[in-house]
Amino acid sequence: MNKDMNYGKDYQYIPATSIASGSGIEVLPDLYQFTVQIVNIHLIGHPNAEKFVLIDAGMPKSSQMIISAVEERFGEGRQPEAIILTHGHFDHVGALIKLVEKWNVPVYAHTLEMPYVTGEEKYPKPDASVEGGLIAKMSPMFPNDPIDLGDNVQSLPEDGTVPHLPEFKWIHTPGHSPGQVSLFRESDRALIAADTFVTVKKESLYKVLTQEQEISGPPRYLTTDWAAAKASVDKLARLKPSIAVTGHGLPMAGEELEKNLKKLVDEFDDIAKPDYGKYVN
Ligand SMILES: [Zn+2]
Ligand SMILES: [Zn+2]
């Protein structure tokens, strides 16, 4: 682990937040959700467990907040065994370099996401014109240059297994980004859905601020392939998850999750797909 790591030139703090920022929820005894401004990170492992894994790395300049959350749950000076990326959008890799520098742990992402986390390719620019409110309007200030993790990131194994998380399988859920993955644990049907669907209408600043719960498709201004996005929601719904955590918003479980997911699948074009925007055709 020695090749230099760099954020893109447009890396910066984003002044957007929600009332949940800085707080955590124990979703399951070994699944903890912590909110960094407008995005969630997830920690898999029982409190004070010997081994645990971090999913995603929050907003730009949030490493202190993430380290504090980790130490509060697992003990001072503790660090995860690995960091698994659901995808490489700025709000999921924001603190990553600082964390890797501090912890020196391996990072994993889907093969198709690798160009976006090794400085090779930029995601398409966020669509500020998309139907859907204030956060989309803010999107031109979001960092768009790719992070470069050098040789500190590696591809997830082809066979669907997740390093350091033997109970979980990764599921390819493209659409929101080409190599987005969700994580699923068969034994209790727990789902980490990434941004395949979210439980808050992120486009609405009011709903982000209040975290009002409502299932919706992937965040619109960054989603570029709506047919794939729809197929991915369908794929996750067919797993019949008992509980789901998402990149944005509160966890959802049981009948509420089942009902809302079914609705999202049945009415995807109405609920999720924007009526206008540069990636809609
Ligand atoms: Zn995203
Ligand atoms: Zn996101």
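Because only heavy atoms are used, hydrogens play no part in the values below, and waters and symmetry mates are left out as well, while side chains stay in. Just follow the structure's listing: the first ligand is 1, and inside any ligand the first atom is 1. Remember, predicted model here, so these are calculated numbers, not experimental data.
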Item to check | At the Zn ion (ligand 1): angle between His87 atom NE2 and His176 atom NE2, to 10 degrees | outcome: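 Value, to the nearest 10 degrees: 110°.
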
Checklist entry - Say you draw a straight line from CG of Leu54 to CD of Glu81; how long is it, rounded to the nearest 0.5 Å? => result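 Result: 12.5 Å between the selected atoms.
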
Item to check | His89: its N/O/S atom lying closest to the Zn ion (ligand 1) (atom name) | outcome: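 Of all N, O or S atoms in His89, the Zn ion (ligand 1) lies closest to ND1.
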
Item to check | Minimum-distance atom from the Zn ion (ligand 1) among N, O or S atoms of Asp195 | outcome: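 Within Asp195, restricted to N, O or S, the Zn ion (ligand 1) is closest to atom OD2.
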
Next on the checklist: Tell me every residue that passes salt bridge (charged side-chain N to carboxylate O under 4.0 Å, His left out) with Asp225, counting only those two or more places apart in sequence or in another chain.
Outcome noted: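 Testing Asp225 for salt bridge (charged side-chain N to carboxylate O under 4.0 Å, His left out), a comparison that skips the adjacent residues, returns none.
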
Next on the checklist: I'd like to know if Asp234 and Lys230 make a salt bridge, using a cut-off of under 4.0 Å between side-chain N and carboxylate O.
Outcome noted: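 No.
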
Checklist entry - Under 4.0 Å between a Lys/Arg side-chain N and an Asp/Glu carboxylate O for Asp10 and Lys122? => result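 Judged by the 4.0 Å cut-off on N to carboxylate O distance, Asp10 and Lys122 do not form a salt bridge.
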
Checklist entry - Of all the atoms in Asp91, is at least one N, O or S atom closer to the Zn ion (ligand 1) than 2.8 Å? => result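 Not a single backbone or side-chain N, O or S atom of Asp91 is under 2.8 Å from the Zn ion (ligand 1).
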
